[in-house]
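Quick notes on the structure that follows.
Quick note: numbers below take in every heavy atom, side chains included, and nothing from hydrogens, waters or symmetry partners. Just so we're clear, the structure is a prediction, and the values are computed from it rather than from any experiment.
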Protein chains: 2
Amino acid sequence: MNLREFSELLGLSPTTVSRALGGYPEVKEETRRKVTEAARQHGYKPNRRAASLATGRAMAIGHVIPTSLNHEMVNPVFADFLAGAGEVYSKANYDIILSVVSDGDEVRAYRQMASTGSVDGIIVHGPRTNDARIALIQDTGLPFVVHGRAPVEAAPYSFVDVDNLRAFRRATDLLLDLGHQRIGLLNGHLIMDFARRRRDGYCAALEARGTTVRSEFQFAGEMSERNGYAAARQMLRLPSPPTAFLVSSLIMAIGARRAIHEADLTLGRDVSVVTHDDMLGYLSNGDDVPIFTATRSSVRAAGRRCAEILLEQVADRTLPPVQEIWESELIMGASTGPALS
Amino acid sequence: MNLREFSELLGLSPTTVSRALGGYPEVKEETRRKVTEAARQHGYKPNRRAASLATGRAMAIGHVIPTSLNHEMVNPVFADFLAGAGEVYSKANYDIILSVVSDGDEVRAYRQMASTGSVDGIIVHGPRTNDARIALIQDTGLPFVVHGRAPVEAAPYSFVDVDNLRAFRRATDLLLDLGHQRIGLLNGHLIMDFARRRRDGYCAALEARGTTVRSEFQFAGEMSERNGYAAARQMLRLPSPPTAFLVSSLIMAIGARRAIHEADLTLGRDVSVVTHDDMLGYLSNGDDVPIFTATRSSVRAAGRRCAEILLEQVADRTLPPVQEIWESELIMGASTGPALS
DNA sequence: CTGTCTACTCAAAGCGGTTTGGCAAGATCG
DNA sequence: CGATCTTGCCAAACCGCTTTGAGTAGACAG
């Protein structure tokens with residue numbers, strides 16, 4: 001059923017029907033009522049592609065999700081981020097266009113989205129330390145919002161980020177205050193901006209206290225359960241092992257916990273753990289008492305906020321960039337305790 | 001840059017340029033070379049919406065992901081499923097149109113996708129026992145593939161599913177063979193088709209051996225870490241607690257493991273666990289030796305296969321439905337052992 | 001040298017909407 | 001009561017592409 005057929009059915013012109021459904025004031029209220037009612041009954045909905053073409057607005061936002069670096073892992077925070085963003089989009093009647101690409105093709109995917117005009121705006125996920133994508137998208141003139149940020153701020157752009165440096169600096173301070181001198185860092189890949197900031201926070205705290213920063217206490221790689229386990233295990237086998245771990249994701253922390261148990265140590269007594277918690281829906285960090293002491297920030301809320309900002313920028317292209325840096329909560333759980341002397 | 005401008009630039013007609021880029025045989029090879037080269041250089045790409053409108057093909061597949069039942073959880077398998085499907089789509093130059101909706105609006109989302117013609121086909125996720133969506137989509141005439149299946153088979157449709165009943169029957173048999181008499185089931189919501197089939201497999205195995213099926217040994221709900229923990233804890237506190245658990249997802253099993261540790265019991269000795277493992281990228285079930293004994297089937301592979309089938313059906317609407325039921329592997333890990341008498 | 005074929009290329013008609021610029025009919029005003 | 005506004009509707013142009021059907025130039029044969 002297309003507009004012409006539908007309008008003939010009603011004995012009206014396509015123009016009037018389109019206006020009636022579009023909420024324009026030029027049609028009589030009664031006519032509008034008749035039209036909307038008939039549309040509901042016959043299931044008429046304007047063809048989205050045609051409407052897009054005519055208005056120039058795609059009514060869609062592009063997300064590119066890369067399947068990670070070398071492995072085939074897809075970052076588990078995407079699901080929650082998309083859920084948050086999706087809430088906002090669906091209220092505004094926007095679609096998500098998702099492009100799942102292997103790491104190398106990412107830039108191509110962004111370029112394609114921009115040049116084929118299939119989206120009105122773009123969300124950039126997982127910014128790298130030197131991220132070619134940002135300059136690229138800036139060139140296209142398409143509105144975009146970055147979840148996280150990249151250090152190079154050639155021209156300012158919108159982003160929503162957690163204050164990762166501060167979060168990890170506070171977490172490290174906490175462990176130092178508890179008397180821990182040997183602290184392992186289980187981090188994400190260092191090409192990721194957030195991982196680098198977290199490491200900087202960790203190093204800054206250690207250096208401020210005159211504690212040596214040791215490379216054998218640092219792991220950087222994919223944040224999987226497996227890697228958390230393997231890295232923690234290896235560090236625990238060192239002649240003088242860490243008494244505490246600072247971990248970049250709850251999933252990795254669960255891996256670390258496995259290694260701790262396996263070494264017949266007790267979490268929160270023999271070994272302390274502080275982790276970052278993205279508050280993923282299916283992986284809550286305990287109910288009343290948190291399992292892990294954690295720096296906490298909802299990735300779902302970030303998704304919502306990024307979407308809001310982006311839709312505003314799409315609606316009004318002249319708006320200045322919005323930059324938000326969120327403070328993460330530091331919550332005390334059962335996984336930290338004083339260092340055993 | 002649009003086709004008209006671009007073709008004027010080249011001194012050719014829009015038709016010829018379109019044909020050259022489309023790979024039609026009516027243009028001279030040399031002309032085609034010139035055109036593609038210029039397109040690359042000037043960054044010309046046909047506008048997707050316009051092309052769609054002209055050809056009638058949307059070059060997009062719709063996925064609807066519901067944020068689960070009562071809670072705000074979004075199923076973590078989506079990310080991996082989408083990654084698998086995305087591999088196939090991007091090769092075929094198809095987009096994913098994602099609609100994230102809260103549970104109630106799901107049907108509306110499907111109807112909308114179908115009637116606005118923004119997609120060429122649909123993937124249905126997480127079929128329920130009585131699923132209205134399937135009949136609805138069948139009505140629209142749009143090709144679709146179900147990941148999983150629903151019991152009502154009014155008219156046959158395409159699906160890819162794991163043989164859940166058989167998998168859980170085998171797993172239960174394994175535990176029974178090890179001497180376990182009291183086996184807890186930590187399952188998903190029973191309105192989900194897969195959960196019901198798994199329960200049926202569990203019950204069938206118990207009944208075949210004359211073992212009583214007890215309701216206090218069955219939990220059905222959201223498959224989160226938290227629920228796995230809470231349900232296992234509660235069952236372990238029963239006067240005569242289970243000596244083994246059968247769990248529907250690795251995340252839930254990790255929750256159960258936490259409860260087991262907390263009760264000062266040892267996994268694989270005091271309490272056995274068999275779980276289903278979707279092989280999510282970030283949550284591997286151990287490396288060489290699996291942590292958990294598990295029924296295993298890759299959700300990513302399922303995503304790939306569903307996408308393949310769907311694209312075939314889109315290309316040729318007359319194709320008969322494809323129904324695949326995959327056998328899951330039963331792999332032996334360190335979480336199962338003989339029942340302590 | 002003319003007629004027929006082949007190989008390219010083009011103009012124009014959609015695809016299904018939105019939107020501009022009119023045009024009648026009825027309402028309002030002097 | 002005629003002139004001027006509103007109000008409510010419509011015809012037609014346009015968004016950017018694909019594709020049909022027609023046309024032109026050159027190759028080749030007679």
Side-chain angles (χ1 to χ4, degrees), chain A residues 1-36 38-39 42-60 93 95 112-120 142, chain B residues 1-36 38-39 42-60 93-95 112-120 140 142:
Chain A
M1 166 96 65
N2 63 18
L3 178 59
R4 196 171 41 79
E5 286 165 26
F6 179 61
S7 57
E8 274 166 14
L9 197 83
L10 282 165
L12 290 170
S13 80
T15 311
T16 306
V17 172
S18 176
R19 299 218 122 135
L21 292 174
Y24 287 77
E26 292 93 339
V27 293
K28 194 163 35 171
E29 209 38 61
E30 195 202 321
T31 313
R32 187 195 310 287
R33 249 204 18 257
K34 257 189 247 161
V35 171
T36 41
H42 294 82
Y44 170 76
K45 291 243 176 62
N47 180 306
R48 192 125 189 173
R49 300 197 300 274
S52 273
L53 183 56
T55 57
R57 282 168 299 142
M59 299 302 287
N93 202 26
D95 283 333
Q112 170 145 339
M113 282 201 174
S115 62
T116 59
S118 44
V119 300
D120 298 316
L142 219 54
Chain B
M1 165 95 65
N2 62 20
L3 177 59
R4 197 170 41 82
E5 287 164 25
F6 179 60
S7 57
E8 273 166 16
L9 197 86
L10 283 166
L12 290 171
S13 81
T15 312
T16 306
V17 173
S18 175
R19 299 218 120 132
L21 293 174
Y24 286 77
E26 293 92 337
V27 294
K28 196 163 30 172
E29 208 39 62
E30 195 201 324
T31 313
R32 185 195 312 285
R33 246 201 24 255
K34 258 189 246 161
V35 171
T36 42
H42 295 82
Y44 170 75
K45 290 244 176 62
N47 180 306
R48 192 122 186 177
R49 299 196 300 276
S52 277
L53 185 55
T55 57
R57 280 167 300 141
M59 298 304 285
N93 202 25
Y94 270 73
D95 283 332
Q112 170 144 340
M113 282 201 174
S115 62
T116 60
S118 45
V119 300
D120 297 319
T140 68
L142 218 55

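- The nearest whole Å value for the distance from the OH atom in Tyr24(A) to the P atom in dT6(D) is 22 Å.
- For the pair Tyr44(A) OH and dT18(C) P, the computed distance is 6 Å after rounding to whole Å.
- A salt bridge does not link Arg33(B) with Glu29(B): every distance from a Lys NZ or Arg NE/NH1/NH2 to an Asp or Glu carboxylate oxygen is 4.0 Å or more.
- In terms of phosphate contacts, Thr31(B) brings a side-chain nitrogen or oxygen within less than 4.0 Å of OP1 or OP2 of dT9(C).
- Atom CG of Leu9(A) is separated from atom CE of Met1(A) by 6.0 Å, given to the nearest 0.5 angstrom.
- If you check dT18(D), dC10(C), dG16(C) against the side chain of Ala50(A), the one that comes closest is dG16(C).
- Distance check, rounded to the nearest 0.5 Å: NZ of Lys45(B) to CZ of Phe6(B) gives 11.5 Å.
- In this structure, the CZ atom of Arg19(B) is 13 Å from the C1' atom of dA11(C), given to the nearest Å.
- Atom-to-atom, CE of Met59(A) to C1' of dC15(D) comes out at 17 Å; the value is rounded to the nearest Å.
- Residue Thr55(A) is in sugar-phosphate contact alone, with no base atom involved, counting any heavy-atom pair closer than 4.0 Å across all strands shown.
- Looking at Ser18(A), its side chain has no donor and acceptor atom pair within 3.5 Å of the base of dT19(C).
- In terms of modelled atom types and a separation under 3.5 Å, the side chain of Asp120(B) and the main chain of Ala58(B) share a donor-acceptor contact.
- Contact annotation for Phe6(A): no contact, since no heavy-atom pair falls under 4.0 Å across all strands.
- Counting only distance, with no hydrogens or angles, the side chain of Thr116(A) and the backbone of Asn47(B) share no donor-acceptor pair below 3.5 Å.
- With dG17(C), dG16(D), dT19(D) as the choices, the nucleotide that has an atom nearest any side-chain atom of Leu53(A) turns out to be dG16(D).
- One atom, CZ of Arg4(B), and another, C1' of dC10(C), lie 16 Å apart when rounded to the nearest Å.
- The side chain of Thr16(A) approaches dC9(D) more closely than any other nucleotide in the set dT9(C), dG17(C), dC9(D).
- Leu10(B) places its CG atom 14 Å from the C1' atom of dT9(C), with the value rounded to the nearest Å.
- Taking every side-chain heavy atom of Ser13(B) into account, dC10(C) is the closest of dC10(C), dC17(D), dG16(C).
- Ser52(A) comes within contact range of no nucleotide atom at all, as no heavy-atom separation falls under 4.0 Å.
- Atom CZ of Arg57(B) is separated from atom P of dC17(D) by 16 Å (rounded to the nearest Å).
- Regarding Asn2(B), its CG atom lies at a distance of 9 Å from the C1' atom of dC17(D), rounded to whole Å.
- Residue Pro25(B) is the one, among Ala54(A) and Pro25(B), whose nearest nucleotide of DNA chain C lies closer to the 5' end (criterion: closest heavy atom).
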